[in-house]
Amino acid sequence: MGNNLKASRLQQLEAIERDYVRLKRLIDYAAKNQSVGSYAGSVVFYVDEATRHIVDATGSALDLLGFTLEELRTLRIDQLESLNDSPKTTYVESSQEEDIYHCSYKHRDGYLIPVKVIKRRLVWRGKAIVHYFLEEQTLHQRVWHELNRREDSGFQFQQKLKTLNEISLRLNLIESFDEMCWLGVKLGIEQLGFDRISLWFLDVSRNVMAGSFGVDEQGRIRDERGQSWTFDGTHVMDFLNGNTDPVVRLEEAPVYNEKSEIIGFGWHISVPMLNSGQFIGFMAADNFIHHYPMKNYEPELLRLYGISIGHLTAITRARQQTFDLRIEQERVQMLKAFIRDVGHDFRTPLSVINISSYRIRNVQDDEQKNSLAQTIQEQVRYVNRMIDDMLGIIEMQSELALNLTRLDIGRFLEIMIQPFHVFAAAKRIQLHLESKPGIMVQADTNYLEEALGKIINNAIQYTQPDGEVRVSLRQHPHEVGICIRDNGIGIEKQNLDKVFRPLYRVNAARTNRGSGLGLSIARIIVEAHHGRITAESVFGQGSVFEVILPRQQDAQTA
Ligand code: ADP
């Protein structure tokens, strides 16, 4: 090993030791909470341009080189400078000339301190004075700057992490996916301090990124659920290929709106949202509103937020899926019950028709023939009614087109109840109407007749012979109630609110031939009239159904 090499190693070691000693001094200063002003202040030498002698220096400059001002005044600047190989760079800034270069300055003890020099020429009291601003490039100085910067942003980061944790807990309580996204954006800008945030989710079926919520150019939250764009050739491909680091575009990167149009320039961070390591979307933030510079912890903060939202997305989606699945199962269950019941209900009349038509061919007696024909007719009518109800309810799933007229409800009941007297009499049931004229409602006569007809029909149907059905009017402050009371079989308490569900039939009433659609149809019709139906019942004693409709100004006062 050559002596030169040994010597340069030794120099390096000495330099490190010096840096170490000075660094220790700095830390001691900081620990004692003392000002480190001499290190934080500017290092400036003032040099006479003509003689190149140093005429003045700041305290920091004296501190850095270890000279007194008197000693410095005996020196020329070039006696301190030891130029590096690197070429000088000259910038011209606001017509004032500046030289910027790197070199080393000699300490009083002889060792060299690497510095960056910014040299400016000024005229002061008629004399040309050159300012030499020095920026220390030593390790200790860089460490010191970095420590300061980190301590500051480290504290801010710590605060933001706390906030992030609180936000995540809050978002976790939200059931709906859309609401979670909306609040995620809102809290991201309000509490984490990003100017704008947007959430984009991968839609595999359409091969696009689909929008959810974002922030507009004025800083307001914007619904971006209708937006989508193809991601070929964008940074999304990196995420799809497994990159999980934030993609950071610094100042002067284009900033986009929800339609991917450039609206300005600034910084932009994009982080992937993952579910079990799978890319499901990304979160983007930019500084479009306030244009503040990016804080060094912001990419990491957004990355962590992206992880939280990705995780919560997975949970909310799973919850939603379970919910959808439950609804779907219920629908399948209903459909099964429907097919079973309808099958059963159609089979009975069809077999009656089948047997009657067979017998009709073989009997000779006219009276018997007539009776069989009547049976067939009845069964056909029943099947028809079933089909009508089924079609009716399908039709009513969409909006009802009501043909509204002003109607005296008492008079209307008197007319519409007529056919039911025949049905009631056939079952030896007393059907009473207690009504009075003059109470007005706004209704579609056909639909209202259908709704009330179904309830009156039920009352007669679910009441034993010798029972009684009573239809009456009840006045409410702004409404009128049409009560249908029977003393029939009644409905058990636990089944009462189920009777309005499509296809629902109380078990005990199974032998009766209904479609299970009557009350659901009635309810749809009444609600379309801005009314409601209530039901009360005592099992074994009877039921009261009340159709409540908004009242119009009464006839007498109108
Ligand atoms: P259905 O065509 O089977 O009568 P509805 O929807 O009209 O269908 O009624 C649903 C169920 O509610 C009926 O199957 C019956 O069990 C019960 N129900 C309806 N009205 C009455 C009533 N007045 N008394 C007793 N049970 C009733």
Side-chain angles (χ1 to χ4, degrees), residues 11-12 14-149 151-152:
Q11 271 175 11
Q12 278 176 9
E14 279 168 0
I16 290 171
E17 198 190 348
R18 274 196 307 274
D19 268 332
Y20 171 76
V21 171
R22 301 180 69 203
L23 194 59
K24 199 167 167 297
R25 246 177 72 198
L26 273 172
I27 290 168
D28 289 346
Y29 267 126
K32 282 189 216 133
N33 215 5
Q34 284 183 358
S35 153
V36 285
S38 62
Y39 287 89
S42 335
V43 176
V44 189
F45 297 96
Y46 302 89
V47 175
D48 184 337
E49 193 184 32
T51 65
R52 303 190 53 74
H53 262 99
I54 296 167
V55 289
D56 204 355
T58 59
S60 307
L62 303 178
D63 232 38
L64 181 71
L65 298 190
F67 289 102
T68 64
L69 187 57
E70 288 65 39
E71 284 170 331
L72 274 183
R73 280 194 174 136
T74 64
L75 295 171
R76 286 193 323 273
I77 189 81
D78 41 302
Q79 290 176 293
L80 292 176
E81 275 189 358
S82 154
L83 280 181
N84 291 356
D85 307 336
S86 55
K88 282 189 182 182
T89 1
T90 303
Y91 302 96
V92 178
E93 196 181 86
S94 27
S95 80
Q96 183 188 43
E97 203 165 291
E98 268 187 357
D99 277 351
I100 300 178
Y101 57 93
H102 291 268
C103 67
S104 296
Y105 267 56
K106 223 177 255 153
H107 190 271
R108 193 175 188 276
D109 296 344
Y111 63 83
L112 295 176
I113 302 163
V115 293
K116 177 175 151 192
V117 181
I118 302 163
K119 194 168 129 191
R120 272 189 207 145
R121 189 174 174 277
L122 297 164
V123 177
W124 185 64
R125 291 188 185 167
K127 231 182 185 178
I129 296 288
V130 186
H131 288 202
Y132 284 70
F133 294 87
L134 263 58
E135 277 177 21
E136 258 195 273
Q137 301 291 294
T138 51
L139 175 68
H140 95 274
Q141 192 66 14
R142 273 178 285 148
V143 168
W144 180 245
H145 275 303
E146 187 57 20
L147 280 178
N148 265 330
R149 200 173 61 83
E151 188 180 289
D152 190 37

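Hydrogens, waters and symmetry mates play no part in the numbers below; they use all other heavy atoms, side chains included.
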Peer 1: Can you sort out the partners of Phe67 under ring pair (Phe, Tyr, Trp, His ring centres under 6.0 Å), two or more places apart, ordered by chain and number?
Peer 2: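 Partners of Phe67 under the ring pair (Phe, Tyr, Trp, His ring centres under 6.0 Å) test: none.
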Peer 1: Considering all heavy atoms of both residues, which atom of Lys106 and which atom of Leu112 are nearest to each other, and what is their separation?
Peer 2: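 For Lys106 versus Leu112, the nearest heavy atoms are CG-CD2, 3.7 Å.
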Peer 1: Could you tell me if the side chain of Asp56 sits less than 4.5 Å from the side chain of Arg73, heavy atoms only?
Peer 2: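 With C-beta onward as the side chain, the pair touches.
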Peer 1: Looking at Thr58 and Val44, would you say the former's side chain and the latter's main chain have a donor-acceptor pair under 3.5 Å?
Peer 2: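 Pair found, side chain donor or acceptor close to backbone of Val44.
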Peer 1: List the atom of Glu71, the atom of Gly66, and the distance in Å for their closest heavy-atom pair.
Peer 2: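 Heavy-atom minimum between the residues: OE1-O, 4.5 Å.
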Peer 1: Side chains of His53 and Val47: closer than 4.5 Å at any heavy-atom pair?
Peer 2: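 The answer is no, as the side chains (C-beta and beyond) never meet within the 4.5 Å cut-off.
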Peer 1: Are the side chains of Thr68 and Leu62 in contact, using a 4.5 Å heavy-atom criterion?
Peer 2: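 Answer no - side chains too far apart.
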Peer 1: Identify, with sequence neighbours excluded, every residue that meets ring pair (Phe, Tyr, Trp, His ring centres under 6.0 Å) alongside Tyr46.
Peer 2: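 Result, ring pair (Phe, Tyr, Trp, His ring centres under 6.0 Å) vs Tyr46: His131.
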Peer 1: In Å and rounded to the nearest 0.5 Å, what is the CD1 to CG distance from Ile77 to Leu72?
Peer 2: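 Answer for the CD1-CG pair, Ile77 versus Leu72, is 8.5 Å.
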Peer 1: Do Phe45 and Leu65 come close enough that some side-chain heavy atom pair is under 4.5 Å?
Peer 2: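 The answer is yes, as the side chains (C-beta and beyond) meet within the 4.5 Å cut-off.
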Peer 1: Do the non-hydrogen side-chain atoms of Leu134 and Ile113 ever get within less than 4.5 Å of each other?
Peer 2: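 When only atoms from C-beta onward are counted, Ile113 and Leu134 do not touch, as no gap falls below 4.5 Å.
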Peer 1: Under a 4.5 Å cut-off applied to non-hydrogen side-chain atoms, are Ile54 and Tyr132 in contact?
Peer 2: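 A side-chain contact under 4.5 Å is absent here.
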Peer 1: In the structure I gave you, are the side-chain heavy atoms of Cys103 and Val115 within less than 4.5 Å of one another anywhere?
Peer 2: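 In short, these two side chains touch, coming nearer than 4.5 Å.
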